[in-house]
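Just so you know, these numbers come straight off a predicted model, no measurement behind them. Order of the sequence lines sets the chain letters (A, B, ...), proteins ahead of strands, with each chain counted from 1.
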Number of protein chains: 4
Amino acid sequence: MDGHPFGILRAGHAELLVTDIQKAKMFYVDVLGFVVTEETDTQLYLRGVEERLHHSLVLTVAERPAVGHLSFRVTSNKHVESLYQFYQSLGCSPVYCEPGEESGQGLAVRVRDPFGFPLEFYAEMEPAECLLQKYHLHRGAAPRRIDHFNCFVDALQDCCAFWQEQMGFCLTEYVETDDEPRELRAVWMRRKPNVHDLALMRGSGPRLHHVGFWMDDILSIIHTCDILGGAELHEHIERGPGRHGISNAFFLYLRDPDGHRVELYTSDYLTIDPDLQPIRWSATDPRRQTLWGHPTPDSWWKEASPVMDLVTKQVVEPTGLSVPSMGGYIK
Amino acid sequence: MDGHPFGILRAGHAELLVTDIQKAKMFYVDVLGFVVTEETDTQLYLRGVEERLHHSLVLTVAERPAVGHLSFRVTSNKHVESLYQFYQSLGCSPVYCEPGEESGQGLAVRVRDPFGFPLEFYAEMEPAECLLQKYHLHRGAAPRRIDHFNCFVDALQDCCAFWQEQMGFCLTEYVETDDEPRELRAVWMRRKPNVHDLALMRGSGPRLHHVGFWMDDILSIIHTCDILGGAELHEHIERGPGRHGISNAFFLYLRDPDGHRVELYTSDYLTIDPDLQPIRWSATDPRRQTLWGHPTPDSWWKEASPVMDLVTKQVVEPTGLSVPSMGGYIK
Amino acid sequence: MDGHPFGILRAGHAELLVTDIQKAKMFYVDVLGFVVTEETDTQLYLRGVEERLHHSLVLTVAERPAVGHLSFRVTSNKHVESLYQFYQSLGCSPVYCEPGEESGQGLAVRVRDPFGFPLEFYAEMEPAECLLQKYHLHRGAAPRRIDHFNCFVDALQDCCAFWQEQMGFCLTEYVETDDEPRELRAVWMRRKPNVHDLALMRGSGPRLHHVGFWMDDILSIIHTCDILGGAELHEHIERGPGRHGISNAFFLYLRDPDGHRVELYTSDYLTIDPDLQPIRWSATDPRRQTLWGHPTPDSWWKEASPVMDLVTKQVVEPTGLSVPSMGGYIK
Amino acid sequence: MDGHPFGILRAGHAELLVTDIQKAKMFYVDVLGFVVTEETDTQLYLRGVEERLHHSLVLTVAERPAVGHLSFRVTSNKHVESLYQFYQSLGCSPVYCEPGEESGQGLAVRVRDPFGFPLEFYAEMEPAECLLQKYHLHRGAAPRRIDHFNCFVDALQDCCAFWQEQMGFCLTEYVETDDEPRELRAVWMRRKPNVHDLALMRGSGPRLHHVGFWMDDILSIIHTCDILGGAELHEHIERGPGRHGISNAFFLYLRDPDGHRVELYTSDYLTIDPDLQPIRWSATDPRRQTLWGHPTPDSWWKEASPVMDLVTKQVVEPTGLSVPSMGGYIK
């Protein structure tokens, strides 16, 4: 994976801004079973049961729910520096984040990218204990590891070209219209060899549609539904369980107490062969959304998390289609 | 189970009238994996992989889709005769169905019951090979065995009382309104000791809402969705997979090519203790329908199979709320 | 089920004598996820997540591991009294156990039966909360409910005839030799309509081979293996997971800290039809033990829990084949 | 993955020599559900349901069971040529295999490597239809894709160093003795980022221990056991199902009609991070073999498939510890 000048390995972690850290902890730790690596009054550093690094999900208290940053792991600090220079050459005003500034993390670069997303790139992170085989300590959904980010962006065509041409991502699946000129509606792109590290859907942005976490199997996703149902937290279930046509993933979409969307995801496929042809789906094919033909709730199409400006620390208003507000999704 | 004068053991089999026997065979045999015991130009006698008797589902060609009869197994021919006399005493004009008249079956009594349902009771049936452990021969959903019937009836309160008081059924769960006077909305009643052999829901009737078949586990139900999705037969999936609050069953509702509804069902509980208290659900509690909070499609609430009059062989027009027509559910 | 004079409903609960109640609690509660109804310094009253009665498993501190009693639920106190008289007529010296003498239980009769087993029969038991749908509270294996007892007895033929002819049990499966005169080697008998409430295997007795608990599905059994493996408690796994030919059950056999054997069991079949023919297995057919052909460990064939004499409170020395001692199975 | 001069992507396919192609077809196609891409009187070209290339398993008729070749896919023909030159520089006499010489395959190089293994490297292969989402066409175990090769080699230390240093493989897990000087006993090495493409175990070699195929989930492995058991083919089950400590894989080992060993494998983990520390297991730790503590059958430790000499077409006699013969494993 060193072949590309930026050496991006995979989706690394997300920072989500939440308005009530205790409610967020109840949801992510007590119910979903994320493992706590570090906890302060204002932050939670979480990881999946398979992960050996400090965090794949950071929850930070803020006044409004938003995305702090979306972070990709790269192979070395050399690539962190290359990315700094690259974004600087684009006029994006990247900043370095010194080792330890984000707990457990080495040198990183943060930048508001040309499409408005608050990105971070880092190579080094402190190790944490892998709980994969400590099955007696698993709780709730016991998510395995982070898998991908899915974002809304207005200029989908340009953004997709940027990630493929500049950042070294491979396209694995895409949705486009049938009429000429064909228009892209959504793309799935990967560095690590499964279906995606980053998906982009056309819509008002920059917004985060969801963070996807890998699950061990279908039944652990079904069990998560039962846990949420049993605890009378079923309102957190937005969509699924079901089988996506796209990616073949077995999915469940949850909304956290601030409305951030989390996908529990399993059963996609290996994409390591360089001649693997991207799969095209027609925007009118209902099977792309689900192989089983279930309708998708309106909220799933429309609602998403706004992002924070890394400099001003203000929530960025998305542009494009009008967007429902996020606040107080689940009381 | 001999304690009651009619010795009803369990839901035994259903006869569904279908308009195209080849389409029906494709659905029930090729896709769902029912086992064929006997086949003629106009009829299919099917059973689940666990069953050791000739049939639990009969498909018969007819001009309109409808229910031929719903049949309960009793412990002996003595009880068949008692049931004949009982229904005669009610003025229902039962008729005997001689051994072999229905293929594989011994003496039976058929009757249009006081609520309009075409019922049959029988004790004897020819054995058939049990394929339970011949896993290499299982196909598709590989349903295990028949579990229950679910029907719409207008006079729910009376009908429920009839099955409890006259037929010896035990109530296990029920839905009623919260306001006084409380009104029953649906009941689950059993002879065999799981949640039900017969459920009744208030609605225009007599109509069959669905026949339920027991499945080995949750994943075989998920796999059925994938098979239907893979074969581009997803339109047959009406609702689910999901977890009912009522009965705790993991469910999937399918519609056959004529629109008859079949439930694949598993994971309910043992009800053999005579002091088991029926579980009450409020008609406004969304968790009764599903523990996970999913909406129920309109069709599920409204559409159901009409029944045939056992004497006139005509489809009976349901009474009560207006009812959508059945014809041509899936082209 | 009232048809028989003793009205036995099902296997009700077992009392196991354990030498260290804290170790036993760790195993049954912390690891396996049994629900605690009541706890004292010397006793634990446990139930499965589906159960609505006070207990299905009682652990009592004693100097030696043994079986306190095996208990069947009957439909009413009238039957408790009939059983008292029946065993008295056999010269067995039954005793009444007054309501509350065993916590949560109504009137019971206890007796050392003609084959040496310490039996109890009761009709009434205090209710307890059903946790079936409180999935967020399930832990570990989350056993659903008690299913059956399996015992070694020397005089198998007589003991089997006793339970069928006197106690009203139905034979569902049996193992016998092929040579004439054929000899019974093991029998599975039921009151509730699945494969068994009581199995008997020929061997030095009276001893309890295992208590079987019903599990939700195969994956919860696999998950139990992972939990035990993760906690480095794999020595408690004696046999399985696997698929019995007999009963078609998916099984896992565990040994508790005192060596008592517990089976986690699922996927057998409905046996309610009175004309269901018992399935015969040849004693030389390896598929009876497992459909997958795995060898059975020697300990499984030989080791079992001795029983306590209800009067003398002494452990009864089994007769017949020589028997390995139980003490200190897992240190 | 282009970073390394040989650009190896992953384990690509194996050619197994079988003595009876019809028996082999029964096992791999009818029972296990491999998909047939091409079939002649003497060869079968098979693939998993997820695969989009011509074959991942080739069965070829021969007089003795052996391994024809083990084949790795590389990113381009340029790498095929580099590998030719590399092995030539080692004095190994590689030969080119022209496009189409192996059906469906482009240019390849074949070589008996310094450790005696018959290897092949290729970049190009004809596409084949992906059946992943055609769930209605899946049969039997429905293996997803090839995952890895596991081989016995006498000079383990040297062979391991060769694959790491020369071929660009990463070590993910290893077994060594505790006593100084520590001795390697087994290694797991990967190109694609899960636990392995190639495992090596110390033993008389060159021999193939097994080819591993990725499965969708645990239950599809359990279902495979039931299918084999149901068809009375349980003798093909050699070991498992179980959970390896090493790799965390859920596994099942089967023996084909010629004794070649196939592993059905799922549930290992992502290894893409370059700083991932290899996991060390002590050769005396029983949990490395299985987390559940089951014994490993003797045959699994000792028996393996010999390899064919690519030039002489003769089976190579393994050196090192004495080796049981392969012939007639399952009659």
Side-chain angles (χ1 to χ4, degrees), chain C residues 31 141 215-255 264 266-269 281-282 284-300 329-331, chain D residues 31 141 215-255 264 266-269 281-282 284-300 329-331:
Chain C
V31 176
M215 296 288 289
D216 209 28
D217 57 18
I218 288 173
L219 267 201
S220 59
I221 291 178
I222 300 291
H223 188 51
T224 305
C225 293
D226 283 335
I227 288 172
L228 285 160
E232 303 199 30
L233 296 168
H234 48 274
E235 287 184 27
H236 291 273
I237 301 176
E238 184 186 39
R239 181 184 177 196
R243 171 84 68 188
H244 282 310
I246 294 164
S247 83
N248 198 51
F250 195 89
F251 66 85
L252 177 70
Y253 291 96
L254 304 175
R255 301 293 290 271
L264 305 183
T266 194
S267 192
D268 71 354
Y269 54 87
W281 295 87
S282 160
T284 60
D285 182 351
R287 301 175 82 236
R288 78 191 192 286
Q289 271 294 321
T290 136
L291 217 53
W292 307 345
H294 289 123
T296 304
D298 217 42
S299 62
W300 192 92
Y329 172 70
I330 290 171
K331 265 66 65 180
Chain D
V31 175
M215 296 288 289
D216 209 30
D217 58 16
I218 289 173
L219 267 201
S220 58
I221 292 178
I222 300 291
H223 188 51
T224 306
C225 294
D226 283 335
I227 288 172
L228 285 160
E232 302 197 31
L233 295 167
H234 49 274
E235 286 183 29
H236 291 272
I237 302 175
E238 184 187 40
R239 182 184 175 196
R243 170 85 67 188
H244 281 311
I246 294 163
S247 83
N248 197 52
F250 194 90
F251 66 85
L252 177 70
Y253 291 97
L254 304 176
R255 300 295 290 271
L264 305 183
T266 195
S267 192
D268 71 356
Y269 54 89
W281 296 87
S282 162
T284 59
D285 182 351
R287 300 174 82 234
R288 77 189 191 287
Q289 271 295 321
T290 136
L291 217 54
W292 306 346
H294 290 122
T296 303
D298 217 41
S299 62
W300 192 93
Y329 172 70
I330 290 170
K331 267 64 69 181

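Taking CG of D:Leu219 as the reference point, atom CG of C:Asp217 lies at 7.5 Å (rounded to 0.5 Å). Atom NE2 of C:His234 sits about 15.0 Å away from atom CZ of D:Arg243, to the nearest 0.5 Å. Note that the CD1 atom of C:Ile227 and the CH2 atom of D:Trp292 stand 11.5 Å from one another [nearest 0.5 Å].
Here D:Asp226 is the residue among D:Ile218, D:Asp226, D:Thr290 with the most heavy-atom pairs under 4.5 Å with chain C. When each of D:Gly293, D:Gly242, D:Cys225 is scored by its heavy-atom pairs under 4.5 Å with chain C, the top score falls to D:Cys225.
Residue C:His294 comes nearest to D:Gly240 through the heavy atom pair NE2-O, 2.6 Å, listed as atom of the first residue, atom of the second, then distance.
For C:Ile222, the parts lying near chain D are the backbone and the side chain together; criterion is any non-hydrogen pair under 4.5 Å.
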